[in-house]
Amino acid sequence: MSNGESKGVRRLGANTYRLILFTILIIVWQIISMSLGRMFLPTPSGVATAAVELFANGTIIEATLISLATFATGYLLAVALAIPMGLMMGGFKKVGEALDVYINAFNAMPRIALIPLIMIWFGLDFQAKVVIVLISAFFPIVINTYTGVLNVDKDLLEASRSFGAKDKDLFLRIMLPASVPFLMTGLRLGVARGIMGIIMAEFFMTAKGLGGLIVTYGSTFQMEKLFVAVTVLTVIGGVLAESVKRVEKLIAPWKTGTIHP
Amino acid sequence: MGSDNLLYKVEVDSVNKSFYRRDGDKFKLLKIVEDLSFTVSDKEFVVIVGPSGCGKTTLLRLIDGLIQPDAGRISINGRSPSAPGPDKGVVFQSFRLLPWKNVLENIAFPLAIQGLHKEKRMARALEYAKLVGLTGFEHSYPHELSGGMQQRVGLARALAMDPEILLMDEPFASLDAQIREIMQLELLKIWSQKKTTVIFVTHSLDEAVLLADRIVLLGPRPSTVKEVIDISLPRPRWTYDVKSHPDYISIRAYLWRRIKEMVATPESIPEMYTEPQIQPLIKESRPTTSQPTTD
């Protein structure tokens, strides 16, 4: 289709610009770092060398797997709890009204404030870190699911009622599918929050995973390696968020692009 | 007027309906329809016309059973409707298609609610998609269709329920002028095949005269029936240029004069041009852009 073709052309253009910008940034970075000294800002070539070393000896891979395993456990738990809760809140008006104030308050509270408490309750390792990812990812998912159910087009509900739909039909056949785009937005935001959570946990608890590497390299002034770890983290976050976006487009192609943080 | 209820398919008898409307921090009772009566015979095409904001949509929702009258009675086949159901098929101005379902699934949606078996309802959907000219678009999604095509889906969805009464709430008002005329003629053709009873609301006088067996002219809010006009233009009306028929011209001119008189009554002006902020009711869908009133 001609439509798809023109989109493809535009895509190529965007990627070209991105590549040009990337090259310029690397060059500027190299120039600045050479004048400032590597203890302050490592050179891109130094970072590249460190990257090869860390990938070759498995350090990065191992750390990434540890972080991802913790993240995945916490995130899946968050999804399993947040989606049913958001649907309950939207489906039963009283549940929603009772809970939304508290949910919003907890969401506004910085998660870092809970770390001492979580350490006392769950220790310093895997379990505690999973809890931190869980409470980080939980709120955007529950809030967006709830918002999705509430924002269902009232005209569609009335039309369905006019066709003889009962409350159960309205929930299952209208509210639930209508909330999918919002839910997907929640899942995407949950990924970003969850990654923040896992790094925070690895900073403050046992220094494992990518967060652990960042802390270790930072405190021992291994600047090149520090940059490698941060870059890997950026790529992981980007890839995960983009994957959810792809899934979103696949299962909710009618989506109009509403985003609720 | 006959005394036997079953003489009429639909009988609207002295119906009153008011809504609370917020006025600053107070709630004001706003009368929408007052002492409104008319009848519709079986297989008749009745068009309800009136000035903007006169409660035409409210009247359709009353007949559909989505809301109940405060006073008076609405009966269909001699029975008062307590709830909406498959005996009434509604076509909405804003289409109201499910964005996550394709054309066939949208047409089949009311049938699914009624629990019709999947194979049967998809077969029925296919049949009605063909009837309204959606062949080749069966698997498209609403956002991929033009307004005219979307409303074809809306029409097919209502017809596929095999309703006794088709309720049409300004169904073509949000379409552009050309598509609207095409849809009007297609509706006439479909109606001549299906011969269901139709209650059609519009504020286009041209549309009213073109389609109707009878026109029910409503006054400004609170609405009552001002006049019922028989349209005896020969059918089928898609075979000749209806708009140049002398009867068409004189009826249209007469209607326009009546509407102008109503609008020009000084005390009615402020009420008429304020859209009601109706509180306890689900938002009615009206286009945000202003619509031409008569053409």
Side-chain angles (χ1 to χ4, degrees), chain A residues 1-7 83 87 90-91 93 144-145 147-187 245-259, chain B residues 57 60-67 81-102 105-116 121 140-145 153-154 157-158 160-163 165-169 281-287:
Chain A
M1 265 168 63
S2 65
N3 195 9
E5 258 171 55
S6 68
K7 218 174 175 179
I83 291 180
L87 292 179
K93 203 169 166 233
N144 277 279
T145 308
T147 311
V149 180
L150 287 191
N151 272 24
V152 56
D153 187 348
K154 301 287 181 292
D155 286 350
L156 283 185
L157 291 179
E158 197 198 60
S160 308
R161 219 174 298 133
S162 157
F163 301 141
K166 303 282 174 279
D167 283 354
K168 193 189 82 189
D169 295 313
L170 293 181
F171 184 72
L172 292 177
R173 294 174 190 271
I174 307 291
M175 292 172 151
L176 203 57
S179 68
V180 166
F182 286 85
L183 196 153
M184 294 306 295
T185 305
L187 291 182
K245 223 172 171 172
R246 291 277 164 92
V247 176
E248 196 174 332
K249 270 205 182 123
L250 206 69
I251 70 171
W254 69 89
K255 193 200 162 186
T256 46
T258 333
I259 290 181
Chain B
T57 297
L60 272 198
R61 297 172 79 237
L62 282 162
I63 296 171
D64 192 20
L66 281 168
I67 49 176
S82 55
D87 54 333
K88 287 153 275 161
V90 189
V91 182
F92 304 93
Q93 181 185 338
S94 55
F95 318 145
R96 304 194 188 179
L97 306 178
L98 305 182
W100 54 88
K101 287 188 180 289
N102 68 24
E105 291 163 345
N106 261 294
I107 298 173
F109 177 65
L111 306 173
I113 288 176
Q114 289 149 41
L116 195 70
R121 67 175 190 253
S140 303
Y141 284 86
H143 71 273
E144 300 168 326
L145 299 176
V153 181
R157 176 176 64 180
M161 298 163 74
D162 200 14
I165 303 160
L166 197 57
L167 302 173
M168 306 187 78
D169 186 7
L281 139 170
I282 282 168
K283 177 177 74 86
E284 291 196 30
S285 137
R286 284 169 195 282

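Order of the sequence lines fixes the chain letters, A, B, ..., with proteins taken first and strands second; residue numbering starts at 1 for each chain. Just the heavy atoms: all of them, side chains too, but no hydrogens, waters or symmetry mates, feed the values below.
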Fill in: CD1-CG distance between B:I113 and A:L170, expressed to the nearest 0.5 angstrom
7.5 Å
Worksheet, complete the sentence: Value for CZ (B:R61) from CD (A:E158), rounded to nearest 0.5 Å, stands at 4.0 Å
Item to complete: Against chain A, label B:F92 side chain, backbone, both or neither, depending on which of its atoms sit under 4.5 Å from a heavy atom there.
Response: side chain
Practice prompt. Kindly give the heavy-atom pair with the smallest separation between A:R173 and B:A112, and that separation in Å.
Written response: NH2-O, 3.5 Å
Worksheet item: How many angstroms lie between CD in B:Q114 and CZ in A:F163, if you round to the nearest 0.5 Å?
Response: 9.5 Å
Worksheet entry | Part of A:I251 lying under 4.5 Å from any heavy atom of chain B | neither
Discussion item. Walk me through whether A:I174 and B:W100 qualify under side-chain contact (heavy atoms from CB on, under 4.5 Å).
Written reply: CA-CA 10 Å; A:I174 307 291; B:W100 54 88; 4.3 Å; yes
Worksheet entry | Structural part of B:L97 lying under 4.5 Å from a heavy atom of chain A | backbone
Response to the item:
Shortest non-hydrogen pair, A:S162 vs B:D64, comes out as OG-OD2, 2.9 Å
Worksheet item: How far does CG of B:L98 sit from CG of A:L156, to the nearest 0.5 angstrom?
Response: 5.5 Å
Discussion item. With a 4.5 Å cut-off on side-chain heavy atoms, are B:F109 and A:D169 touching?
Written reply: no
